[in-house]
Amino acid sequence: MRVLGIETSCDETGVAIYDDHQGLLSHQLYSQVKLHADYGGVVPELASRDHVRKLIPLIKKTLQEANCIAKDIDGIAFTKGPGLVGALLVGSSVARSLAYAWNKPAVGVHHMEGHLLAPMLDVPAPEFPFVALLVSGGHSMMVKVEGIGQYEVLGESVDDAAGEAFDKTAKLLGLDYPGGPLLAKLAEKGEAGHYKFPRPMTTKPGLDFSFSGLKTFAANTIRASDGSQQTRANIAFAFQEAVVDTLAIKCKRALKHTHLKRLVIAGGVSANKQLREDLAAMMKSIQGEVFYPRLEFCTDNGAMIAYAGLQRLKAGEIECLSTKARPRWSLEELAAI
């Protein structure tokens, strides 16, 4: 089976074609970073309009790159939610229109399931069961995964997600949007021992996350600092160390709770170098395995949607013509396949 995947949940337009025998045939990604940079964050209406402008040309380019035409495609997958409702509607409308015109089945994919399965795009792929840490700008959650659609959410963010905290703290440090990667780069110049940030919700039982207090702590620290470049780097170092330590502590706790030794990290924050290094060391210490998507598939992309959609199309799931976007959608509502 060969599936065309479309991702338009936020500020990146992603298109890909995945074949269950040949693997990923082609993928294209357009980022709206420059469009939203002047506003310091994503403007939903501008995001939707840009998806309208970019999606069709990207689909054409993806088909051309894979040397495919309409008859070569067996199904279409699109991000149904969660995400910005206007952006989701662009992708779902185009996907359903193509499915109708080409007489192909279509299926709506859960955005976070796409991220969760993104490591499956590489070899070796993780085997079920495993614990998944999904960390992005909009979500932080710990999930026990028994199989595709067999998800138990063990914990999630009660306020700011990890990626959101990175971006907001970066803005406080005077860094451009998106700030998370720039903060991580600044942290490389920082020195340990100058600041000690809290590790939120690690002294209490449970696997939920909270990063708003850590962001406030960072804001107060920045306000009281001398504002020098080295001081800003030291603050960035301490902040990143606190987030990474918090995530590592929660991962270790989740693995102990589930009696598993296989960990998957996905979402935009999974590209963070320090997080990868610390979790790799932690998993080595308990003789476990850790898996990540390749860097280009950490952020939103069409390849993960094509892969997840292919699994559900093969299981017989088909979206009706009157499908609706779901800006809020629990992973636990998905059907097991």
Side-chain angles (χ1 to χ4, degrees), residues 40-41 112 115 131-143 154-204 206-223 225 231-255 263-283 285 290 292-293 295 298-299:
M112 297 312 293
H115 276 303
V131 169
L133 173 66
L134 304 179
V135 275
S136 64
H139 300 84
S140 292
M141 62 175 66
M142 196 78 70
V143 186
L154 304 172
E156 54 192 330
S157 49
V158 298
D159 41 54
D160 287 359
E164 187 178 6
F166 262 104
D167 287 341
K168 289 181 177 179
T169 301
K171 190 173 183 179
L172 292 169
L173 285 167
L175 302 174
D176 291 335
Y177 172 84
L182 296 177
L183 187 149
K185 189 173 182 180
L186 179 62
E188 293 178 0
K189 301 176 182 178
E191 300 170 350
H194 292 277
Y195 296 98
K196 180 67 175 180
F197 280 42
R199 274 61 172 165
M201 295 185 75
T202 56
T203 58
K204 298 179 180 180
L207 292 165
D208 285 337
F209 303 93
S210 171
F211 292 106
S212 64
L214 184 61
K215 178 196 65 182
T216 302
F217 189 94
N220 292 335
T221 303
I222 293 166
R223 196 175 297 115
S225 72
T231 296
R232 290 167 64 246
N234 293 340
I235 291 172
F237 179 93
F239 173 82
Q240 177 176 257
E241 185 180 48
V243 174
V244 169
D245 279 356
T246 299
L247 294 174
I249 290 168
K250 295 286 185 175
C251 284
K252 192 170 185 178
R253 188 178 294 177
L255 291 165
L263 180 67
V264 163
I265 318 295
V269 182
S270 69
N272 183 277
K273 180 181 177 182
Q274 192 61 52
L275 178 63
R276 290 188 173 219
E277 290 178 356
D278 284 19
L279 289 179
M282 184 196 79
M283 294 306 292
S285 71
V290 62
Y292 309 92
L295 290 177
C298 288
T299 55

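Remember, it's a predicted structure, so these values are computed and weren't measured experimentally. In this chain, residues are counted from 1 in sequence order.
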- request: Could you check Leu134 against His139 for side-chain contact (heavy atoms from CB on, under 4.5 Å), going step by step and ending with a plain yes or no?
  value: CA-CA 7 Å; Leu134 304 179; His139 300 84; 5.7 Å; no
- request: Please assess Thr231 against Tyr195 for the test side-chain contact (heavy atoms from CB on, under 4.5 Å), listing each intermediate value before the final yes or no.
  value: CA-CA 10 Å; Thr231 296; Tyr195 296 98; 3.3 Å; yes
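With Ser270 contributing its side chain and Cys298 its backbone, the two residues share no donor-acceptor pair below 3.5 Å. Under the 3.5 Å distance criterion, the side-chain polar atoms of Arg253 are matched with a main-chain donor or acceptor of Thr202. Counting only distance, with no hydrogens or angles, the side chain of Asp208 and the backbone of Glu156 share a donor-acceptor pair below 3.5 Å.
Counting heavy atoms from C-beta outward, Asn272 and Phe166 have side chains that approach closer than 4.5 Å. Contact of the Met283 side chain with the Leu255 side chain is registered, since non-hydrogen atoms from C-beta on lie closer than 4.5 Å. Residues Lys250 and Met201 are in side-chain contact: their nearest non-hydrogen atoms beyond the backbone lie under 4.5 Å apart.
For Thr216, the side-chain contact (heavy atoms from CB on, under 4.5 Å) criterion is met by Asn220, not counting sequence neighbours. Contacts of Leu214 classified as side-chain contact (heavy atoms from CB on, under 4.5 Å), with partners at least two apart in sequence or in another chain: Phe197, Pro198, Pro200, Phe211, Phe239, Ala242, Val243. With sequence neighbours excluded, no residue forms a side-chain contact (heavy atoms from CB on, under 4.5 Å) with Ala281.
Taking CZ of Phe237 as the reference point, atom NZ of Lys189 lies at 15.0 Å (rounded to 0.5 Å). Rounded to the nearest 0.5 Å, atoms CD (Glu241) and CD (Gln274) are 8.0 Å apart. The structure places CG of Asp278 at 9.0 Å from CD of Gln240, a figure rounded to the nearest 0.5 Å. Between atom CG of residue Asp167 and atom CG of residue Asp176 there is a gap of 12.0 Å, rounded to the nearest 0.5 Å. Considering CG of Leu275 and CG of Asp245, their distance stands at 10.5 Å, rounded to 0.5 Å. Between Thr169 atom OG1 and Ile235 atom CD1 the span is 10.5 Å, to the nearest 0.5 Å.
Ile265 and Cys251 make their closest contact through CD1-SG, 4.5 Å (heavy atoms, listed as atom of the first residue, atom of the second, distance). Nearest heavy-atom pair across Arg232 and Leu175 is NH2-CD2, 3.6 Å. Heavy atoms only, all atoms of each residue included: Leu154 and Ala254 are closest at CD1-CB, 4.3 Å. In terms of heavy-atom proximity, Ala162 sits nearest to Ser140 at N-OG, 2.8 Å. Heavy atoms only, all atoms of each residue included: Ser136 and Met112 are closest at OG-CE, 4.5 Å. The two residues Gly138 and Ala161 have their closest heavy-atom pair at C-CB, 3.7 Å.
With hydrogens and angles left out, the side-chain atoms of Ser210 and Asp159 include a donor and acceptor closer than 3.5 Å.
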